[in-house]
Undergrad: 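Structure incoming, see below.
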Amino acid sequence: MNERLLAYYDDKLATLKSKHNYRSFANINHRKRYISIDGGERLLNLASNDYMGMARDEALHDEFMQTVEHDKLPFASSSSRLLTGNFEIFDEFEWQLQQLFGRACLLFNSGYHANVGILPALCDGRTVIIADKLVHASMIDGMRLAAQNGTKTVRYQHQNLPQLAKLLDKYQQDDGIDRIIVATESIFSMDGDVTDLAALVRLKRCHDKVMLYVDEAHAVGVRGERGLGCAEEFAVIDEIDFIVGAFGKAVASMGGYVICHKIMREFLINTMRPLIFSTALPPVCVAWTQFVFSKLIHMNHERQKLMTLSQQVAATIRRAGLPCPSASQIVPVILGDNQRTLDAAAMLRQAGFYAMAVRPPTVPQNQSRLRLCLSADLGQQELDDVLQVVSGVINAAP
Ligand SMILES: *Cc1c(COP(=O)(O)O)cnc(C)c1O
């Protein structure tokens, strides 16, 4: 490659490094719940999205490999579902999810595909998307693409439902707007807080232009009696127009889905570009997702356990004097100062735990934090150790 062209990008990398925003892959060795980084000591992984421990359950893998019918489940789909990439397993799993949720289901290659594809497909110049300030990058990218066909996009302060209500009143009365999409998440990835979906549904009832779009990426498998997410827990599955989720976290696989009206499903099949123009998931991957999902439905006991231990960690943080917005398995220890957060992450490592230190711009200024991701397969001793070290880092002199 041309030296001068290369130098331009190399300079950009140097700027990232100087701003401490440079990213690179670590060499990680996985051993069940433990990891070791770059050949370092063994650490309990508190940064994984494997909330139900399904991805590291070797017995589960063996069971799947024994039941899977290899001849019917190729390792590649070899084209888009609209060409010849549709296999029976896709229809079968969608049908099962439809039975569970009570509405049509459409599968995607990932949660990212779902969010960058559905939002632009639904929108035009007479649509406004109103989104929570802290929604995931994939929804932001979906909004950017939607803006290209004239869609208006507006953000409201994180979880500020009174502000959202005012915006809804405004656009409900706007003759230039026919459709309002309210886009949010049920469990937010940095604060671990849970959106009041019942309140959102009440707002929708007062505004007939509104469609609710809720991303349950961190909630599917984790919340609700059958693990269908917070929409199940709040008993509002029928009222959320688009329930989006991802299989890469608690469901221990890969892929995304939307639950919606069957007409909307049909519409997305005809208009959604990441669905039309990308090769479908490998059938064997969909079969694994289906297999894990069928187990998760019956794991309410484990979900309760995860909830209880998450509450214990949050309570410990609050007792030590820090506010903690979490109501889920994602529990932030918000220390504020960057250096203090890095020091705390180092203390955790010393004690045998790995947690992400999250700093601006990922979170607002003075909100640097350790982000603890808990899982249902955490042992009592491990939990006690976590509680002790968390108290320790909070009490350590700033
Ligand atoms: C992880 C995540 C996604 C992306 O899902 P993938 O399947 O990993 O692409 C989308 N939305 C939210 C809220 C997420 O946390």
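Atom set for the values below is all heavy atoms of this structure, side chains included, hydrogens, waters and symmetry mates excluded. One-based numbering, in listed order, for ligands and for the atoms of each.
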Undergrad: Is any side-chain N of the basic residue among Lys209 and Asp178 closer than 4.0 Å to the acidic one's carboxylate O?
TA: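 Salt bridge: no.
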Undergrad: Among the heavy atoms of His113, does any lie under 4.0 Å from an atom of ligand 1?
TA: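 So His113 does not count as touching ligand 1.
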Undergrad: So is Ser138 in contact with ligand 1, going by heavy-atom distances below 4.0 Å?
TA: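 Judged by the 4.0 Å heavy-atom criterion, Ser138 does count as contacting ligand 1.
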Undergrad: Should Ser328 and Ile187 be marked as a side chain to side chain contact (heavy atoms under 4.5 Å, CB included) after you check the CA-CA gap, both sets of side-chain angles, and the distance that decides it?
TA: CA-CA 7 Å; Ser328 71; Ile187 296 178; 3.5 Å; yes
Undergrad: For ligand 1 and Ser189, I'd like to know whether there is a polar contact (N/O to N/O, distance under 3.5 Å).
TA: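 By distance alone, the answer is no.
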Undergrad: At what distance is the nearest protein heavy atom to atom 7 (O) of ligand 1, and which residue and atom is it?
TA: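 In this structure, atom 7 (O) of ligand 1 has Gly111 N, 2.8 Å as its nearest protein heavy atom.
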Undergrad: Does the pair Arg179/Asp124 count as a salt bridge with the N-to-O cut at 4.0 Å?
TA: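 Salt bridge: yes.
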Undergrad: How are the rings of Phe93 and Phe293 set relative to one another: parallel (under 30°), tilted (30 to 60°) or perpendicular (over 60°)?
TA: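 Rings of Phe93 and Phe293: perpendicular, over 60°.
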Undergrad: Tell me, which protein residue and heavy-atom name are nearest atom 9 (O) of ligand 1, and how many Å apart are they?
TA: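 The closest heavy atom on the protein side is Tyr112 N, 2.9 Å.
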Undergrad: Quick one: which ligand 1 atoms are inside 4.0 Å of a heavy atom on His218?
TA: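 Selected atoms, number and element: 15 (O).
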Undergrad: To the nearest 0.1 Å, how far is atom 11 (N) of ligand 1 from its closest protein heavy atom, and which atom is that?
TA: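 The closest heavy atom on the protein side is Asp215 OD2, 2.6 Å.
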Undergrad: Any idea how Trp288 and His61 line up, ring-wise: parallel (<30°), tilted (30 to 60°), or perpendicular (>60°)?
TA: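 Geometry flag for His61 against Trp288: perpendicular rings.
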Undergrad: Show me which atoms of ligand 1 lie under 4.0 Å from any heavy atom of Lys249.
TA: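 Near Lys249, meaning under 4.0 Å from one of its heavy atoms, ligand 1 has 1 (C), 2 (C), 3 (C), 14 (C), 15 (O).
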Undergrad: State the atoms of ligand 1, each with its element, that fall below the 4.0 Å cut-off from a heavy-atom position in Ala246.
TA: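 Counting from 1, the qualifying ligand atoms are 5 (O), 7 (O).
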Undergrad: Would you mind listing which atoms of ligand 1 come within a distance below 4.0 Å of any non-hydrogen atom of Ser110?
TA: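 With Ser110 as reference, the close atoms of ligand 1 come out as 7 (O), 9 (O).
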Undergrad: Hey, is Lys305 close enough to Asp377 for a salt bridge, meaning N to O under 4.0 Å?
TA: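 No, this pair does not count.
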Undergrad: Would you mind listing which atoms of ligand 1 come within a distance below 4.0 Å of any non-hydrogen atom of Asn115?
TA: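 Close to Asn115: 10 (C), 11 (N).
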Undergrad: What atoms of ligand 1 come closer than 4.0 angstrom to any heavy atom of Ala217?
TA: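 This gives 2 (C), 11 (N), 12 (C), 13 (C), 14 (C), 15 (O) as the contact atoms.
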Undergrad: Check side-chain hydrogen bond (donor to acceptor under 3.5 Å, both in side chains) between His158 and all other residues, then give those that pass, not counting sequence neighbours.
TA: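 side-chain hydrogen bond (donor to acceptor under 3.5 Å, both in side chains) list for His158, sorted by chain: Asp132, Asp193.
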Undergrad: Can a salt bridge be assigned to the pair Arg81 and Asp91 using a cut-off of 4.0 Å between side-chain N and carboxylate O?
TA: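 So Arg81 pairs with Asp91 through a salt bridge.
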